[in-house]
Colleague: 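Below are the structure tokens for one structure; questions will follow.
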Amino acid sequence: MPLKQRVFGFNKAASFIIFAPKPADMKKIVIAIDGYSSCGKSTLAKGLAAVLGYAYIDSGAMYRAVTLYLLQHNIDPSDQLAVASALPYITIHFENIGMGNHTFLNGEDVEEAIRQMDVSENVSQVSIISEVRRAMVKQQKAMGLQKSIVMDGRDIGTVVFPNAELKIFLTADPEVRAQRRYKELKDKGVEVAMEAVRRNLAERDRIDSTRADSPLRQADDAIVLDNTHLTHEEQLEKALKLAEAARLQTANESVSL
Ligand code: DC
């Protein structure tokens, strides 16, 4: 199927394919997408993975799954020793189900449960713990060995894949992010006040960017993409151009070696 037709049905976006290099000219790459909470990282990452035929991994889902386990077992997320001791009992994997990639915790599909507010309110606390980070990053690095992967999170371009061929740092206006998140939760039937969403985002941004171990920051070689005024199709179009350029450059570099 031609590349442009594989974009979910965004017919108008077909014009973004401005050149069509032969598949043999295109190399497999790793795409790292980082940014603050609710700025559309997963939408962009999923779109890119679908068009390129790459795997998509939501690294935040892994921190959320750990948090859910702790809540289910009455383990205090701020008790770092207790959290570290629980890690050997936690297995996380992903499965493609229908249109999406579902997160499994110890064999159980927890895709819905990890998006609830109680997990959102505790996850940043859990993700500051170095033992948790080490365990997650080890699995994430292994997932990238075959390349052809798009991973989104907070430390993907800086820690997980510092050599990624394409790094995108996604940003958006905080109020726009809060409104998007509110709508997302409403659409899922989650009852929540707008102010609680604003507070949760601000608090997660603060913890994520000030923690000692691998804080959220833009990698030096990341390309900033501000999607405040972009539609999903427009941001995908921009990112695809960057991905195609990175794949061609990688192909040219390997030819000249
Ligand atoms: O992307 P998200 O909002 O679902 O991520 C949930 C939390 O996980 C986020 O507040 C910070 C943490 N996280 C992280 O520390 N490192 C990552 N690579 C991804 C997420």
Side-chain angles (χ1 to χ4, degrees), residues 30-46 49 56-71 77-78 80 83 87 90 92 94 100-103 105 110-144 149-162 164 167-172 174 177-178 180-182 184-185 188 190 192 196-219 222 227:
V30 170
I31 302 178
I33 302 181
D34 288 303
Y36 292 100
S37 299
S38 296
C39 62
K41 296 185 298 295
S42 65
T43 304
L44 178 61
K46 274 182 213 161
Y56 162 60
I57 298 294
D58 170 1
S59 69
M62 299 172 71
Y63 293 93
R64 286 175 178 272
V66 172
T67 306
L68 180 64
Y69 179 91
L70 302 173
L71 296 177
S78 67
Q80 304 203 357
V83 172
L87 288 173
I90 299 176
I92 299 165
F94 294 96
N101 207 9
H102 285 217
T103 312
L105 168 63
V110 291
E111 191 53 38
E112 252 189 68
I114 60 170
R115 311 286 165 194
Q116 302 297 318
M117 276 305 269
D118 55 344
V119 172
S120 295
E121 275 162 4
N122 287 284
V123 64
S124 282
Q125 177 96 280
V126 172
S127 63
I128 65 173
I129 302 173
S130 291
E131 286 86 349
V132 174
R133 301 209 69 80
R134 271 203 296 276
M136 299 303 112
V137 169
K138 189 173 169 198
Q139 286 185 47
Q140 291 155 6
K141 281 181 183 284
M143 292 171 189
I149 188 169
V150 186
M151 191 177 288
D152 74 332
R154 306 294 189 289
D155 59 343
I156 310 304
T158 52
V159 176
V160 180
F161 300 131
K167 299 178 185 177
I168 296 177
F169 193 83
L170 207 56
T171 64
R177 288 196 279 131
R180 287 178 188 160
R181 178 81 183 132
Y182 178 74
E184 199 179 287
L185 288 168
K188 282 184 186 157
V190 180
V192 61
V197 174
R198 272 196 201 100
R199 254 187 287 116
N200 175 250
L201 285 190
E203 183 59 4
R204 283 206 284 147
D205 286 353
R206 189 189 64 75
I207 300 177
D208 294 346
S209 50
T210 58
R211 68 178 174 228
D213 189 341
S214 23
L216 166 65
R217 68 170 183 83
Q218 184 192 325
N227 68 15

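Start at 1 and go down the list; that is how both ligands and their atoms are numbered. The figures here come from the full heavy-atom set of this structure, side chains too, leaving out hydrogens, waters and symmetry mates.
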Colleague: Who gets closest to atom 12 (C) of ligand 1 by heavy atom: Ser127, Ala32, Gly153?
Modeller: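 Checking each option, the heavy atom nearest atom 12 (C) of ligand 1 is found in Ser127.
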Colleague: Looking only at heavy atoms, is any part of Arg133 under 4.0 Å from ligand 1, and if so is it the side chain, the backbone, or both, or is it neither?
Modeller: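 Side chain only.
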Colleague: Give the atom numbers and elements of ligand 1 that come within less than 4.0 Å of a heavy atom of Asp155.
Modeller: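 Matching atoms, with element in brackets: 16 (N), 17 (C), 18 (N).
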Colleague: Would you mind checking which non-hydrogen protein atom is closest to atom 9 (C) of ligand 1, with the distance to 0.1 Å?
Modeller: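 Protein heavy atom with the smallest distance to atom 9 (C) of ligand 1: Arg154 NH2, 3.3 Å.
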Colleague: Quick one: do the Ser42 and Asp58 side chains pair a donor with an acceptor below 3.5 Å?
Modeller: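 No - no donor-acceptor pair under 3.5 Å links their side chains.
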Colleague: Applying side chain to side chain contact (heavy atoms under 4.5 Å, CB included) to Arg180 and Ser38, what does each step give before you reach the verdict?
Modeller: CA-CA 7 Å; Arg180 287 178 188 160; Ser38 296; 5.8 Å; no
Colleague: Measuring from Arg133:CZ to Gln140:CD, what's the distance to the nearest 0.5 Å?
Modeller: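 Here the rounded value is 8.0 Å.
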Colleague: Under 4.5 Å between any side-chain heavy atoms of Gln80 and Ile128, yes or no?
Modeller: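 Yes - at least one pair of side-chain heavy atoms lies under 4.5 Å apart.
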Colleague: Which ligand 1 atoms, with their elements, are less than 4.0 angstrom from a heavy-atom of Ser124?
Modeller: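 Taking each heavy atom of Ser124 in turn, ligand 1 has 10 (O) under 4.0 Å.
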Colleague: Flag yes if more than 12 heavy atoms outside Phe169 fall under 6.0 Å of its CZ atom; otherwise flag no.
Modeller: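 Atom CZ in Phe169 is crowded, with more than 12 foreign heavy atoms closer than 6.0 Å.
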Colleague: If we only count N/O pairs under 3.5 Å, is Asp152 in contact with ligand 1?
Modeller: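 Asp152 vs ligand 1: no N/O contact under 3.5 Å.
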Colleague: Non-hydrogen atoms of Arg211 versus ligand 1: any pair closer than 4.0 Å?
Modeller: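 It does, in that a heavy atom of Arg211 comes within the 4.0 Å cut-off of ligand 1.
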Colleague: With sequence neighbours excluded, tell me which residues meet ring pair (Phe, Tyr, Trp, His ring centres under 6.0 Å) with Tyr69.
Modeller: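 Expected list: His73.
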Colleague: Nearest to atom 3 (O) of ligand 1, what protein heavy atom do you find, and at what distance?
Modeller: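 For atom 3 (O) of ligand 1, the nearest protein heavy atom is Arg204 NH1, 2.7 Å.
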Colleague: Name the closest protein heavy atom to atom 4 (O) of ligand 1, giving the residue it belongs to and the distance to 0.1 Å.
Modeller: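 Looking at atom 4 (O) of ligand 1, the protein heavy atom closest to it is Arg64 NE, 2.7 Å.
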Colleague: Among all protein heavy atoms, pick the one closest to atom 20 (C) of ligand 1 and tell me residue, atom and distance.
Modeller: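 Protein heavy atom with the smallest distance to atom 20 (C) of ligand 1: Gly60 CA, 3.5 Å.
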Colleague: For a quick check under 3.5 Å, do Arg64 and Thr103 share a side-chain donor-acceptor pair by atom type?
Modeller: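 No donor-acceptor contact under 3.5 Å links the two side chains.
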Colleague: Under 3.5 Å, is there a donor-acceptor pair between the Arg154 and Ser209 side chains?
Modeller: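 Not at all, the side chains of Arg154 and Ser209 share no donor-acceptor pair under 3.5 Å.
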Colleague: For atom 19 (C) of ligand 1, find the nearest protein heavy atom and state the residue, atom name and distance (0.1 Å precision).
Modeller: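 Going atom by atom, the protein heavy atom closest to atom 19 (C) of ligand 1 ends up being Ser59 OG, 3.3 Å.
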